[in-house]
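In what follows, a structure is listed as structure tokens, so that the remarks can point back to it.
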Amino acid sequence: MEHTPAPYGPRSVYGYALYIGSNMLFFLYLVWAIVPDYILHNLGLTYWPSKYWAIAIPIWGLTALATFAFIIYPAINLSMTPEIDDIRSIRDKYSHQKKETVPGGIPPVFDIPITEVSRKLYLPRKK
């Protein structure tokens with residue numbers, strides 16, 4: 001079977017079941033969070049977690065997500081980035097060196113050497 005995002009038999013059944021299940025869980029969460037305890041007790045539902053958790057769990061989840069997105073993920077990326085004076089910030093195994101071409105021909109794709117970039121950017125232009 002080829003890999004495709006289009007729904008086929010089992011995937012559509014699982015997707016529908018997940019959709020129905022997540023909507024039912026969200027509905028139960030809303031009932032637990034909004035309906036007062038005395039109404040739930042009158043219906044015979046005597047054990048429910050504290051209403052504190054109806055607010056605390058989503059807030060903790062969002063705090064963890066924000067901490068990951070704004071602190072941990074950038075820190076991981078910064079720790080994997082080579083230092084500014086490291087040779088890996090200039091060349092790596094995917095670098096393409098400049099090759100000689102036929103005069104008047106289309107030059108191949110290559111990386112501009114850092115010395116040429118620095119010369120263009122930082123040296124004063126002659127007038």
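The shown structure was predicted, so the numbers you read here are calculated from the model rather than taken from an experiment.
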> Can you list the other members of the hydrophobic cluster that holds Leu25, where links are side-chain heavy atoms under 4.5 angstrom apart?
Replying inline: none
>> Going by salt bridge (Lys or Arg N to Asp or Glu O under 4.0 Å), name the pairs with one or both residues in residues 64-76, residues two or more places apart or in two chains.
In response: none
> Distance from Trp60 atom CH2 to Ile57 atom CD1, nearest 0.5 Å?
Replying inline: 7.5 Å
In residues 31-39, what donor-acceptor pairs under 3.5 Å come from side-chain atoms, sequence neighbours left out?
unit_1 : atom_1 : unit_2 : atom_2 : d
Trp32  : NE1    : Pro49  : O      : 2.9

>> Side-chain heavy atoms under 4.5 Å apart, restricted to Ile/Leu/Val/Met/Phe/Trp/Tyr: what other residues fall into the cluster of Leu123, or is it alone?
In response: none
> What residues join Tyr16 in its hydrophobic cluster, counting side-chain heavy atom gaps under 4.5 Å, either direct or through other members?
Replying inline: Tyr19, Ile20, Met24
> Excluding sequence neighbours, so at least two apart, what forms side-chain contact (heavy atoms from CB on, under 4.5 Å) with Thr46?
Replying inline: His41
>> Please check if the number of heavy atoms outside Lys98 that lie under 6.0 Å from its NZ is greater than 12.
In response: no
> Do any pairs count as a salt bridge (Lys or Arg N to Asp or Glu O under 4.0 Å) and have a residue in residues 60-70, sequence neighbours left out, and if so which ones?
Replying inline: none
> Does Ile59 sit in a hydrophobic cluster with other residues, and if so which ones, taking ILVMFWY side chains as linked at heavy-atom separations under 4.5 Å, directly or through other members?
Replying inline: Ile55
Which pairs of donor and acceptor atoms, one on a side chain in residues 99-119, lie under 3.5 Å apart (sequence neighbours left out)?
unit_1 : atom_1 : unit_2 : atom_2 : d
Asp111 : OD2    : His96  : N      : 3.1
Ser118 : OG     : Ile114 : O      : 3.1

>> Taking salt bridge (Lys or Arg N to Asp or Glu O under 4.0 Å) as the definition, give me every residue that meets it alongside Asp86, ordered by chain and number, with sequence neighbours left out.
In response: Arg88
Distance-only criterion, 3.5 Å: show the donor-acceptor pairs between side-chain atoms of residues 67-79 and protein atoms not counting sequence neighbours.
unit_1 : atom_1 : unit_2 : atom_2 : d
Thr67  : OG1    : Thr63  : O      : 2.8
Ser79  : OG     : Ala75  : O      : 3.4
Ser79  : OG     : Ile76  : O      : 2.8

> Quick one: side-chain contact (heavy atoms from CB on, under 4.5 Å) partners of Ala56, sequence neighbours excluded?
Replying inline: Tyr52, Trp53
